[in-house]
Amino acid sequence: MQQPTRLVVLVSGSGTNLQALLDACTDPAYGARVVAVGADRDGIEGLARAERAGVPTFVRSLSDFETRDGWDAALATVVERFEPDLVVSAGFMKLLSTDFLAKFLTLNTHPALCPAFPGMHGPRDALDHGVKVTGATLFVVDAGVDTGPIVAQVPVTVEEGDDVASLHERIKTAERAMLVEAVGRIAREGITVEGRRVRIGAGAR
Ligand code: GRF
């Protein structure tokens, strides 16, 4: 059997997407292993989840660095140490530089159907716009904000009486399932990215 795909997961908050990956990775047939979890702040539940799972953690806070480039380079250095095949930004609330992205194939989840409602407030913006269907998107991170080539998407119906919290919770449930399914397939079958076209199962790793 081939070696499990090495994942470094980046988080900034509650880490429920991370937890879904940690849980999936307990099954050897899943094909991936979370080798480290990184954050841009201390004291968050995402780091506690990693610690409970016995996964090494690291924190690189922007405020500890004089420049954003310095922070980004330090993040890349520590990520590199864990030799990831794939970096998953799961609720990581910082943009990564093109230098970082050139080093690591990095996926991100966004709680809206890209290209609609990019940015920090996907569920709120979808609700304000009055859409009837929104969802979540897994994409390859590029230099833009939630603009990268799309790996997977899942629709979520907006219900009468939804507020931002209730809608985001339902999106997150769908988002976690999408993330686990796509990362597992990528681990087992490979991924190729050609321009905006992403293919899973092309035999590449
Ligand atoms: C997710 O909805 C993610 O798409 C968004 O923030 C949420 C993070 O949730 N950027 P969690 O930290 O994985 O629970």
Side-chain angles (χ1 to χ4, degrees), residues 7-26 30 32 34 36-53 55 57-62 75 84 86-96 100-101 106-129 131 133-159 162-184 186 198:
L7 308 176
V8 168
V9 182
L10 301 177
V11 295
S12 295
S14 63
T16 62
N17 281 287
L18 163 67
Q19 187 67 56
L21 286 172
L22 288 169
D23 292 347
C25 288
T26 60
Y30 184 65
V34 180
V37 171
D40 62 333
R41 63 199 73 186
D42 235 324
I44 56 172
E45 181 59 17
L47 289 172
R49 289 176 192 279
E51 279 154 21
R52 287 198 292 272
V55 172
T57 62
F58 57 87
V59 176
R60 294 294 178 277
S61 304
L62 188 51
L75 187 70
L86 190 63
V87 173
V88 180
S89 164
F92 186 63
M93 304 308 273
K94 291 275 184 307
L95 296 177
L96 297 162
F100 184 100
L101 299 172
T106 304
L107 305 184
N108 187 24
T109 60
H110 179 61
L113 290 176
C114 296
F117 312 120
M120 303 277 282
H121 302 288
R124 184 197 72 188
D125 294 345
L127 211 51
D128 286 353
H129 199 82
V131 297
V133 178
T134 182
T137 302
L138 181 69
F139 62 95
V140 179
V141 182
D142 68 4
V145 177
D146 303 325
T147 51
I150 291 169
V151 178
Q153 290 188 300
V154 61
V156 172
T157 303
V158 180
E159 286 173 7
D162 255 338
D163 59 16
V164 176
S166 65
L167 178 60
H168 196 180
E169 267 320 304
R170 274 207 324 291
I171 291 172
K172 283 179 68 169
T173 301
E175 184 180 28
R176 288 190 286 268
M178 171 190 70
L179 177 68
V180 165
E181 140 90 13
V183 169
I186 291 168
V198 178

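Note that the structure is a prediction, hence the values are computed from the model and not measured. Counting convention: from 1, in listed order, for ligands and their atoms alike.
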Is there a donor-acceptor pair under 3.5 Å between the side chain of His110 and the backbone N or O of Phe117? yes
When you compare the side chain of Val88 with that of Leu10, does any pair of heavy atoms fall below 4.5 Å? no
Counting C-beta onward and ignoring hydrogens, is there a side-chain heavy-atom pair between Thr134 and Pro123 closer than 4.5 Å? no
Counting C-beta onward and ignoring hydrogens, is there a side-chain heavy-atom pair between Gln153 and Cys114 closer than 4.5 Å? yes
Contact set, ligand 1, heavy-atom distance under 4.0 Å, ordered by chain/number, equals Ser14, Gly15, Thr16, Asn17, Gly91, Thr109, His110, Pro111, His168, Lys172, Glu175
Is there side-chain contact between Phe92 and Val87, with at least one heavy-atom pair below 4.5 Å? no
Could you note down all residue pairs passing salt bridge (Lys or Arg N to Asp or Glu O under 4.0 Å) where residues 138-159 supplies at least one of them, sequence neighbours left out? Glu159-Arg170
